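Every value quoted in this text rests on a predicted model; they were computed, and no experiment measured them.
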Amino acid sequence: MLSPRPLGPGGPVGSGSGPDPLPDSRPRTGSGGPSSGSASAAGSGSASASDGRRAMELLARVPYGRLAASMRALPLLAVARHQVVGGRVLLRLHRGLGYHECCDGSVIAYGADNYGSPGAPAPDDTDGPWSVQCTGPAELTDPPPDQRALFGAGPLEVNGEPFEPVYLRFTPHVVRMHTLAFSASP
């Protein structure tokens with residue numbers, strides 16, 4: 001089994017800054033047939049960094065996803081609000097839950113999809129249903145006011161407590177994208 005590697009000195013997937021990832025760390029498309037695709041540092045195939053950019057474009061279409069991490073050796077899944085900024089993912093969480101503490105400086109996983117969301121695909125939408133999953137290091141951050149404004153208003157309460165936002169910046173090193181196409185003939 002191949003182990004994931006960072007995408008190289010070019011920075012995060014789709015960052016648009018810095019040199020292109022090195023050839024030996026270029027994103028690859030995993031197997032999964034014509035209705036699925038992925039961009040990662042592991043796998044086989046001949047996909048380019050454009051797959052990673054496409055995955056980030058899809059992620060930017062929906063406001064919420066699921067954060068996966070480990071807290072005191074136990075798996076943690078939490079809903080989080082996100083924004084894609086400069087090829088990175090900025091997450092907003094509720095400080096009172098304490099999830100941000102176990103994520104700071106750790107490798108996390110984050111995923112989102114368009115299944116059942118208000119932006120779900122119409123029957124004639126060429127993208128169809130999709131999901132994006134990414135993993136990489138996260139760090140606590142204090143984003144500038146213009147990036148905070150991208151999130152809009154937060155909830156009034158979380159589990160009966162007043163909402164207090166805390167932010168994590170997440171740098172995707174491995175990105176997987178899966179799409180479902182229903183118009184293909186057998």
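Cluster annotation: V107 is not connected to V174 through the hydrophobic network of ILVMFWY side chains, with a link wherever side-chain heavy atoms come within less than 4.5 Å. Tracing side-chain contacts under 4.5 Å through hydrophobic residues (I, L, V, M, F, W, Y), one never reaches M71 starting from I108; they form parts of separate clusters.
Counting side-chain heavy-atom gaps under 4.5 Å among Ile, Leu, Val, Met, Phe, Trp and Tyr, the cluster of Y64 also holds V79. Connectivity analysis of hydrophobic side chains (ILVMFWY, heavy atoms under 4.5 Å, direct or indirect) links L150 to V85.
Taking 4.5 Å as the limit, every side-chain heavy atom of R92 sits out of range of all side-chain heavy atoms of P143. Contact of the R53 side chain with the S50 side chain is registered, since non-hydrogen atoms from C-beta on lie closer than 4.5 Å. Using a 4.5 Å cut-off on side-chain heavy atoms (C-beta onward), L90 and F151 make contact. Q83 is not listed as a side-chain neighbour of Y167, based on a closest heavy-atom distance of 4.5 Å or more. Taking 4.5 Å as the limit, every side-chain heavy atom of L168 sits out of range of all side-chain heavy atoms of T141.
Here the straight-line distance linking atom CZ of F170 with atom CD of E139 works out to 12.0 Å at 0.5 Å rounding. Remark: R88 CZ to Q147 CD distance equals 10.5 Å, nearest 0.5 Å. Note that CG of L67 is 4.5 Å distant from SG of C103, once rounded to the nearest 0.5 Å. Expressed to the nearest 0.5 Å, how far CG of L93 lies from OH of Y99 amounts to 9.5 Å. Taken from CD in E164 to CG in L97, the straight-line distance is 11.0 Å, to the nearest 0.5 Å. Here the CZ-CD distance, from R95 to E101, works out to 8.5 Å after rounding to the nearest 0.5 Å.
For the pair H82 (side chain) and L59 (backbone), a donor-acceptor distance under 3.5 Å is present. No donor-acceptor distance shorter than 3.5 angstrom exists from the side chain of D113 to the backbone of Q133, with no hydrogens or angles considered. Within the 3.5 Å criterion, the main-chain N or O of A80 finds a donor-acceptor partner in the side chain of Y110.
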Let me check something: any side-chain donor-acceptor pairs from residues 154-161 under 3.5 Å, sequence neighbours excluded? List them with distances.
unit_1, atom_1, unit_2, atom_2, d
E161, OE1, H94, NE2, 3.0

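A pairwise comparison of heavy atoms in L76 and C102 identifies CD2-SG, 3.8 Å as the closest pair. The two residues P172 and C134 have their closest heavy-atom pair at CB-CB, 4.0 Å. The minimum heavy-atom distance between M56 and G87, with the atom names listed, is SD-O, 4.4 Å. Between L140 and D104, the shortest heavy-atom distance links the atoms N-OD1, 2.8 Å. Residues G128 and N114 share a closest heavy-atom pair of O-ND2, 3.3 Å.
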